Number of protein chains: 4
Amino acid sequence: MRYTCVMSKTAKGRATRQSFQDAARRVFERDGYLNARLSDIAEEAGKSMASFYNYFDSKEALLTDLATDFDTELQAKVAEPFERGLAPHDALPEAIRAFYRHYRTRLPDVVGIVQASMVDPKFAADWREIRTNGVRTISIGIRRAQRDGWAPGLDPMLAASALSSMLEHFCWVWLAQGGDAIDVELEEDHAVDTLWKLWSHAIYWTEAE
Amino acid sequence: MRYTCVMSKTAKGRATRQSFQDAARRVFERDGYLNARLSDIAEEAGKSMASFYNYFDSKEALLTDLATDFDTELQAKVAEPFERGLAPHDALPEAIRAFYRHYRTRLPDVVGIVQASMVDPKFAADWREIRTNGVRTISIGIRRAQRDGWAPGLDPMLAASALSSMLEHFCWVWLAQGGDAIDVELEEDHAVDTLWKLWSHAIYWTEAE
Amino acid sequence: MRYTCVMSKTAKGRATRQSFQDAARRVFERDGYLNARLSDIAEEAGKSMASFYNYFDSKEALLTDLATDFDTELQAKVAEPFERGLAPHDALPEAIRAFYRHYRTRLPDVVGIVQASMVDPKFAADWREIRTNGVRTISIGIRRAQRDGWAPGLDPMLAASALSSMLEHFCWVWLAQGGDAIDVELEEDHAVDTLWKLWSHAIYWTEAE
Amino acid sequence: MRYTCVMSKTAKGRATRQSFQDAARRVFERDGYLNARLSDIAEEAGKSMASFYNYFDSKEALLTDLATDFDTELQAKVAEPFERGLAPHDALPEAIRAFYRHYRTRLPDVVGIVQASMVDPKFAADWREIRTNGVRTISIGIRRAQRDGWAPGLDPMLAASALSSMLEHFCWVWLAQGGDAIDVELEEDHAVDTLWKLWSHAIYWTEAE
DNA sequence: TATGAATGAGATTTCATTCAT
DNA sequence: GATGAATGAAATCTCATTCAT
């Protein structure tokens with residue numbers, strides 16, 4: 001999370017800044033980050049391009065802001081079920097749901113980060129960091145399950161990576177790309193339930209079985 | 001797969017065409033598709049940019065070629081274990097391995113297709129088609145397993161989508177992005193084994209359990 | 001000297017005005033006039049850019065102020081040794097010294113005027129006017145020397161122009177540009193002495209010699 | 001002399017390159033280097049701006065080319081009278097004339113270099129180097145004169161710097177700026193004669209006198 | 001078949017200046 | 001008197017693609 005940005009002192013300035021972020025979100029969702037021109041964002045915000053530069057150094061700088069917020073909130077929301085005191089097994093579906101919802105709510109930000117990471121090494125690094133946080137958390141859960149006798153012999157780190165991929169890419173496909181099937185409107189409950197079933201059975205098994 | 005391309009009659013022409021494809025692969029792997037300029041590809045091929053247009057209508061057309069081959073071979077390789085007559089359960093790890101290997105071998109093509117699909121609706125559609133083939137195949141396997149009593153109540157389509165995401169994105173992360181952990185060199189056997197364990201347990205379970 | 005400027009009535013206003021001039025001087029010395037942005041000057045002055053326009057119509061207007069002062073003082077200082085009643089030959093080194101000192105003291109103003117005259121015809125005219133004053137004075141001195149039998153046949157106007165160039169450009173090179181030699185710190189006395197020797201021998205000679 | 005440039009392989013390419021240089025010269029002379037826009041140069045050359053970039057990386061790169069040529073030729077032309085075997089005293093006016101002519105002939109280049117050195121440290125360094133070559137040569141001449149008993153006690157380096165300033169700035173004022181007097185058309189012979197008289201008497205004197 | 005040359009169409013960025021408060 | 005916000009108007013540079021040879 002590197003690029004810098006300027007904090008406005010007045011309410012009007014903050015409002016304008018916000019309007020650029022909102023406009024950017026709409027444009028990212030509509031055209032994608034890479035196809036979004038600064039002029040589109042400015043137009044969508046009802047401001048001039050020059051005004052944009054009073055608040056952000058560049059399109060990348062704006063996205064960095066969005067990404068930082070995205071990351072911070074994601075960490076908090078996913079951790080919440082576990083910190084609330086639920087048993088790991090019960091917290092899991094809640095965490096999956098939190099991830100799914102966050103992805104859907106902040107979809108433009110995801111689109112931005114994913115696309116930017118395709119062309120900009122800085123963003124690739126940022127996005128990787130965000131992802132790694134999730135993988136680490138998952139691997140801890142797997143290790144804990146293994147101490148209880150589940151999934152003997154499974155590589156916790158690699159399995160966490162794979163499960164993270166499943167969750168992340170499933171959300172990408174269905175929320176950002178329109179899904180794998182035409183004419184199917186995906187229900188949140190159904191998606192979360194399916195992911196949870198796969199996930200839990202992928203971990204909570206024993207050799208005996 | 002829409003863009004057209006020209007087939008050369010002479011041996012020299014075919015060689016030049018091939019040299020552009022090879023050069024493009026090297027450049028895509030090094031710089032990514034979106035950052036690759038036609039001039040880079042021509043330089044890498046030791047040809048002029050104008051010559052490129054004797055063989056391909058555009059950068060996209062070249063990529064379409066790569067993508068078509070990628071898809072055709074992928075389908076064949078992944079289907080092979082099943083068609084060889086192995087039991088579904090035994091064919092699975094072989095199919096996973098085939099996918100993993102194909103991904104690694106044709107990495108530049110994957111990079112190209114994935115990146116192009118970010119900015120070009122045509123490629124997004126192509127990539128989606130490739131993906132859908134895989135998902136459909138997986139879902140058939142799940143349905144078959146369910147007829148044998150496994151995974152009751154699991155949505156075959158959605159589960160297939162999720163497992164496909166796991167496989168696909170895991171390969172992307174570890175083969176194209178350098179993986180989730182620094183200083184870890186991933187062994188093919190280990191990767192395939194982990195994916196297979198997760199996958200098989202995610203499907204081969206019963207309520208009783 | 002054309003651009004207009006506003007005279008403040010209050011003490012606070014005059015102080016602010018002064019602070020902009022001082023800031024501009026520092027910035028001109030550091031970055032040059034052409035590279036100096038109004039925002040730099042305002043920042044250096046600890047004021048807003050908008051405030052600048054309460055005192056000056058433009059960057060050029062500010063510079064015009066500096067240039068006017070520069071010129072007025074220069075004329076006075078250079079004329080002083082002659083008006084003090086010294087013999088022309090004795091007044092000369094004093095005048096050279098006065099010029100040299102003024103140049104050094106008001107270096108930022110010189111940098112500003114010289115640079116502005118490169119892109120702005122108005123300043124080119126101003127700077128030329130300042131220069132012409134000097135040349136005229138010098139030519140008068142030469143004519144007087146010629147009445148005493150020195151430098152017969154020398155074109156007073158052209159010689160004055162050349163000597164003025166020597167003085168002016170020498171000062172520019174050594175005071176604004178860092179000099180012709182690395183690792184040499186120029187002493188005022190030495191510079192003045194050298195210039196005076198060249199100048200006086202260039203004028204005070206006879207054919208007989 | 002740092003910026004790079006591309007050498008064309010065909011005659012047409014070289015002609016285009018030349019036409020850009022010629023156009024740039026005309027524009028520099030008319031508008032000055034700093035006020036010259038790439039679009040002006042391209043228009044003057046009857047080419048597109050994009051074409052410009054096939055031959056030069058930037059306006060600076062083009063100027064670097066001009067400056068390199070300017071410098072090379074200047075060194076050769078000024079040195080020629082001395083190398084021809086003339087006595088130093090007789091070679092001097094020839095060298096002054098060569099300098100004056102080169103300045104006049106290559107005026108656009110001079111305008112470019114002088115102006116660029118105002119805003120670009122790289123050019124400042126280049127221009128300084130060109131100047132230093134001249135100063136060094138002059139100082140050698142002074143030292144030689146001093147061995148013959150002339151100008152005892154004069155600092156050769158500093159005097160050379162001052163005389164170089166006289167020559168250089170005189171040419172600048174009269175050739176690039178229109179001169180110090182209105183309604184005077186300067187004759188080359190007259191200018192060279194005046195400069196030579198000043199220069200020679202400034203050096204060839206003895207204390208006795 | 002090959003290629004050097006040429007260009008149209010953009011996209012980003014800078015900065016002096018104006019305006020409302 | 002002071003300032004944050006807003007902008008018009010440039011100017012530079014990139015790159016896929018076309019064309020003449």
Side-chain angles (χ1 to χ4, degrees), chain A residues 6 8-17 35-42 45-60, chain B residues 6 8-17 35-42 46-61, chain C residues 6 8-17 35-42 45-60, chain D residues 6 8-17 35-42 45-60:
Chain A
V6 180
S8 173
K9 282 160 189 166
T10 72
K12 188 181 181 192
R14 280 190 300 275
T16 300
R17 186 172 211 283
N35 283 332
R37 285 160 305 180
L38 244 32
S39 60
D40 297 331
I41 296 174
K47 303 282 172 181
S48 73
M49 283 179 61
S51 184
F52 180 91
Y53 286 95
N54 288 334
Y55 300 96
F56 304 95
D57 284 348
S58 60
K59 195 167 76 162
E60 290 79 39
Chain B
V6 181
S8 171
K9 297 289 183 291
T10 73
K12 185 183 179 191
R14 278 192 303 277
T16 302
R17 186 170 208 283
N35 283 333
R37 283 164 302 183
L38 235 35
S39 60
D40 296 330
I41 296 173
K47 302 283 171 181
S48 75
M49 285 172 64
S51 180
F52 180 92
Y53 287 92
N54 287 330
Y55 301 97
F56 304 95
D57 285 349
S58 61
K59 191 164 82 157
E60 289 80 35
Chain C
V6 181
S8 173
K9 296 289 184 290
T10 72
K12 184 183 180 190
R14 278 192 302 277
T16 301
R17 188 170 205 285
N35 283 333
R37 283 164 300 183
L38 235 36
S39 60
D40 295 331
I41 297 173
K47 302 283 171 182
S48 75
M49 286 171 62
S51 180
F52 180 91
Y53 287 92
N54 287 330
Y55 301 97
F56 304 95
D57 284 349
S58 61
K59 192 166 82 157
E60 289 80 36
Chain D
V6 180
S8 173
K9 282 160 190 165
T10 72
K12 187 179 182 192
R14 279 191 300 276
T16 300
R17 187 171 210 283
N35 284 332
R37 286 161 302 180
L38 245 31
S39 60
D40 296 331
I41 296 173
K47 302 282 172 181
S48 73
M49 282 181 60
S51 185
F52 179 92
Y53 286 96
N54 288 333
Y55 300 95
F56 305 96
D57 284 347
S58 59
K59 194 168 74 160
E60 289 80 39

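Proteins get letters first, then strands, A, B, ... in listed order; numbering begins at 1 in each. Just the heavy atoms: all of them, side chains too, but no hydrogens, waters or symmetry mates, feed the values below. Only a predicted model underlies this, so the values are computations on that prediction, with no experimental measurement involved.
Of all non-hydrogen atoms in N35(D) and D40(D), the two that sit nearest each other are O-OD2, 4.1 Å.
Between F56(D) atom CZ and dA5(E) atom P the separation is 13 Å, expressed in whole Å. dT3(E) atom P lies 6 Å from atom NZ of K47(B), rounded to whole Å. Atom-to-atom, CG of N54(A) to C1' of dT14(E) comes out at 11 Å; the value is rounded to the nearest Å. For the pair D40(B) CG and dT17(F) C1', the interatomic distance rounds to 16 Å; values are reported in whole Å. The nearest whole Å value for the distance from the OH atom in Y55(A) to the C1' atom in dT12(E) is 20 Å.
Nearest to the side chain of K12(C), among dA6(E), dA2(F), dT1(E), sits dA2(F). Across dT7(E), dT7(F), dA5(E), the shortest atom-to-atom separation from the side chain of T10(D) is found for dA5(E).
Side-chain atoms of S48(D) and F52(D), non-hydrogen and from C-beta on, never get closer than 4.5 Å to each other. Proximity of I41(A) to F56(A): side-chain heavy atoms (C-beta onward) are nowhere separated by under 4.5 Å.
Between the side chain of T16(A) and the backbone N or O of K12(A), at least one donor-acceptor pair lies under 3.5 Å. K47(C) places no side-chain N or O within donor-acceptor distance of the main-chain N or O of R17(C), the cut-off being under 3.5 Å.
For A42(A), the side chain to side chain contact (heavy atoms under 4.5 Å, CB included) partners are F20(A), M49(A), not counting sequence neighbours.
Heavy-atom nearest nucleotides on DNA chain F were determined for G46(C) and for F52(B), and the one closer to the 5' end corresponds to G46(C).
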> Could you write out DNA chain E as a dot-bracket string, with dots for unpaired bases, | for bases paired across to another strand, and Watson-Crick or G-U pairs counted at under 3.5 Å?
Replying inline: .||||||||||||||||||||
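Not one side-chain nitrogen or oxygen of T16(C) sits closer than 4.0 Å to the OP1 or OP2 atom of dG1(F).
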Nucleotide N/O of nucleotides 13-15 of chain F paired with protein N/O under 3.5 Å:
from	atom 1	to	atom 2	distance (Å)
dC13(F)	OP2	Y53(D)	OH	3.0
dC15(F)	OP2	R37(B)	NH1	2.8

